[in-house]
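Heads up, the thing below is written out as structure tokens.
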Amino acid sequence: MGRGRQKAKHTKIARELKSYSPDVNFSSLERELRGGEQAADVDIDNWSDYADYDSTDESDERSA
């Protein structure tokens, strides 16, 4: 494909993308995003059981 045809094809695609406006259900999107925040908190709580944090380690380092 020559450069002229390639450029014309890219221009055509760019025009289509520029005028493209998908139907967005904003209330559904908002519910999904709010649910995502709650899910992140749950994930943190699940992984906190595996945390290897010991408060005595911190005090030992300061005294050394």
Side-chain angles (χ1 to χ4, degrees):
M1 187 181 309
R3 175 68 182 133
R5 290 179 64 194
Q6 184 180 12
K7 184 177 179 185
K9 184 175 181 180
H10 286 288
T11 304
K12 178 184 174 187
I13 292 171
R15 280 194 196 114
E16 289 173 359
L17 289 174
K18 186 177 179 181
S19 63
Y20 177 71
S21 60
D23 295 331
V24 179
N25 185 347
F26 290 106
S27 59
S28 175
L29 179 61
E30 183 180 9
R31 278 194 311 269
E32 183 178 341
L33 292 175
R34 285 188 180 174
E37 292 173 8
Q38 293 171 353
D41 292 339
V42 170
D43 288 342
I44 291 170
D45 292 339
N46 288 342
W47 287 102
S48 65
D49 297 338
Y50 299 102
D52 206 13
Y53 180 78
D54 187 8
S55 61
T56 58
D57 291 341
E58 197 173 293
S59 61
D60 291 342
E61 290 175 6
R62 290 183 186 163
S63 63

Who else is in Leu17's hydrophobic cluster (ILVMFWY, side-chain heavy atoms under 4.5 Å, direct or via others)? Ile13
So how far is it from His10 NE2 to Arg5 CZ, rounded to the nearest 0.5 Å? 12.0 Å
Applying salt bridge (charged side-chain N to carboxylate O under 4.0 Å, His left out), can you list everything that pairs with Glu16, at least two apart in sequence or on another chain? none
Looking at OG1 of Thr11 and NZ of Lys18, how far apart are the two atoms once the value is rounded to the nearest 0.5 Å? 11.5 Å
